[in-house]
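In what follows, every chain begins at residue 1, and chains take the letters A, B, ... in the order their sequences are listed. Quick caveat: nothing in here was measured; it's all calculated off a predicted structure.
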2 protein chains.
Amino acid sequence: MAGMDEIDHRILAALVADARATYAEIGADVGLSAPAVKRRVDKLQDSGVIRGFTAVVDPEVLGWNIEAMIDVYCQGRISPAELRAAWLPIPEVVQASTVAGSADAVLRVRARSVPHLEETLERIREAAAIERTESTVVLSRLIERG
Amino acid sequence: MAGMDEIDHRILAALVADARATYAEIGADVGLSAPAVKRRVDKLQDSGVIRGFTAVVDPEVLGWNIEAMIDVYCQGRISPAELRAAWLPIPEVVQASTVAGSADAVLRVRARSVPHLEETLERIREAAAIERTESTVVLSRLIERG
DNA sequence: AGTGAAATGCAGACTGT
DNA sequence: ACAGTCTGCATTTCACT
């Protein structure tokens with residue numbers, strides 16, 4: 001985005017802290033009226049700085065206890081857009097990135113059980129032209145932020 | 001949480017999709033009145049299933065353009081708690097997990113530039129008794145959720 | 001869990017700087 | 001261009017059924 005001043009950054013921080021905060025509350029924090037805050041938030045969304053608003057849910061509570069990282073090796077060249085389209089419908093895929101390393105992409109997957117993880121792996125492999133995958137199971141989550 | 005029925009799950013899904021959706025909108029989706037939805041959301045928050053609501057911000061725009069995943073190989077046995085304590089003060093570390101694989105831990109790091117990434121790597125290595133690290137730079141973020 | 005009413009917050013148009 | 005005020009309308013929130 002072109003001009004992002006101090007106030008925009010403070011509005012962003014407020015929304016990251018609580019996405020359901022009212023415009024008036026944010027305005028009180030940053031010293032602006034509610035309509036002024038809304039105008040800025042709208043611009044921030046239109047320009048792509050704010051991608052959206054989500055609820056952060058405790059995965060443990062829902063029984064999605066097991067997590068794994070999957071290195072994916074593709075056959076030939078597949079565009080990032082194709083990979084994204086292939087994996088987006090799989091809800092177990094929490095994170096996907098293309099990387100500059102020996103692997104082509106790295107996924108982060110959450111599942112309820114080992115059989116569930118295995119089934120998810122199968123669906124990931126079927127979704128695109130994939131040569132092989134290498135999975136490493138997460139033992140404990142030390143840090144989670146950003 | 002004790003009793004989480006189908007409707008609770010659908011409310012969760014709606015809030016994950018858009019944390020600023022109104023209770024009336026969610027109620028229309030799940031077949032409940034707005035006050036009923038609010039009561040369920042409040043309970044979901046009190047019981048810890050919903051940890052909060054945040055805005056998802058494009059990191060590129062804020063200048064934290066480069067991201068890397070770091071496989072860490074430790075010397076001897078280090079407890080997860082020690083690793084956490086060592087890396088928590090480093091703000092560039094966005095995610096850290098111990099894993100069951102050839103590496104002992106995997107970090108996800110965000111930096112403003114390659115020199116900044118290098119400096120962060122140095123600090124990560126100094127923070128604990130580490131044998132060696134293997135970094136892979138992220139080319140593009142395909143999916144980011146959960 | 002639904003209903004209805006009061007309080008609150010939102011979104012648009014308008015004005016001033 | 002950007003902030004403030006006003007206003008009609010939607011939403012939240014409470015008491016009650």
Side-chain angles (χ1 to χ4, degrees), chain A residues 1-64 88 91 112 144-146, chain B residues 1-65 112 143-146:
Chain A
M1 193 192 182
M4 279 206 41
D5 59 4
E6 257 178 83
I7 296 179
D8 284 317
H9 280 94
R10 287 169 64 195
I11 290 175
L12 270 186
L15 283 172
V16 168
D18 178 14
R20 283 185 81 86
T22 66
Y23 294 127
E25 284 167 348
I26 300 169
D29 275 11
V30 305
L32 244 53
S33 67
V37 173
K38 182 199 165 7
R39 282 192 286 258
R40 281 168 179 262
V41 172
D42 285 346
K43 274 200 186 303
L44 254 19
Q45 267 185 291
D46 290 344
S47 64
V49 177
I50 296 177
R51 290 194 175 182
F53 304 97
T54 47
V56 21
V57 176
D58 187 348
E60 307 274 340
V61 177
L62 294 177
W64 292 60
L88 202 57
R112 282 182 298 271
E144 205 92 27
R145 63 185 169 199
Chain B
M1 194 191 177
M4 277 204 45
D5 60 4
E6 230 185 288
I7 296 179
D8 284 317
H9 281 94
R10 287 168 64 194
I11 291 175
L12 270 186
L15 283 172
V16 168
D18 178 14
R20 281 186 83 85
T22 67
Y23 294 128
E25 283 168 348
I26 300 169
D29 275 12
V30 304
L32 244 53
S33 67
V37 173
K38 182 197 166 1
R39 277 194 290 264
R40 280 166 181 263
V41 172
D42 286 345
K43 274 203 185 304
L44 254 18
Q45 265 185 292
D46 290 344
S47 65
V49 177
I50 296 176
R51 289 193 175 183
F53 304 96
T54 45
V56 24
V57 175
D58 188 348
E60 309 268 339
V61 179
L62 295 176
W64 291 64
N65 296 319
R112 282 182 297 272
I143 298 173
E144 205 91 28
R145 62 186 170 198

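- Nearest heavy atoms, B:Gly27 versus B:Val37: CA-CG2, 3.6 Å.
- For the pair B:His9/A:Leu62, a side-chain contact is recorded, criterion being any heavy-atom separation below 4.5 Å from C-beta on.
- Not a single salt bridge (Lys or Arg N to Asp or Glu O under 4.0 Å) links A:Glu144 to another residue, sequence neighbours left out.
- When every heavy atom of A:Leu12 is checked against every heavy atom of A:Met4, the shortest pair comes out as CD1-CE, 4.0 Å.
- The shortest distance between the side-chain N/O atoms of B:Lys38 and the OP1/OP2 oxygens of D:dT13 is below 4.0 Å.
- Evaluation of the salt bridge (charged side-chain N to carboxylate O under 4.0 Å, His left out) test over residues 10-27 of chain B, restricted to residues two or more places apart or in two chains, returns none.
- By the salt bridge (Lys or Arg N to Asp or Glu O under 4.0 Å) test, B:Arg51 pairs with A:Asp58, sequence neighbours left out.
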TODO: Mark up nucleotides 1-6 of chain D, 5' to 3', with B wherever a protein heavy atom is under 4.0 angstrom from a base atom, S wherever such an atom reaches only the sugar-phosphate, and - elsewhere.
DONE: --BBB-

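- Between B:Phe53 and B:Ala19, the closest heavy-atom pair is CD2-CB, 3.8 Å.
- The heavy-atom pair separating A:Thr54 from B:Val16 by the smallest distance is CG2-O, 2.6 Å.
- In summary, contact between chain B and DNA chain C, defined as any nucleotide atom under 4.0 Å from a heavy atom of the protein, begins and ends at C:dA1 to C:dC10 in the 5' to 3' direction.
- The side-chain heavy atoms of A:Lys43 and A:Asp8, taken from C-beta on, include no pair separated by under 4.5 Å.
- The salt bridge (charged side-chain N to carboxylate O under 4.0 Å, His left out) with B:Asp42 is formed by just one residue from the set B:Arg40, B:Arg39, B:Lys38; it is B:Lys38.
- Taken residue by residue, residues 21-29 of chain B places heavy atoms nearer than 4.0 Å to DNA chain D at B:Thr22, B:Tyr23, B:Ala24.
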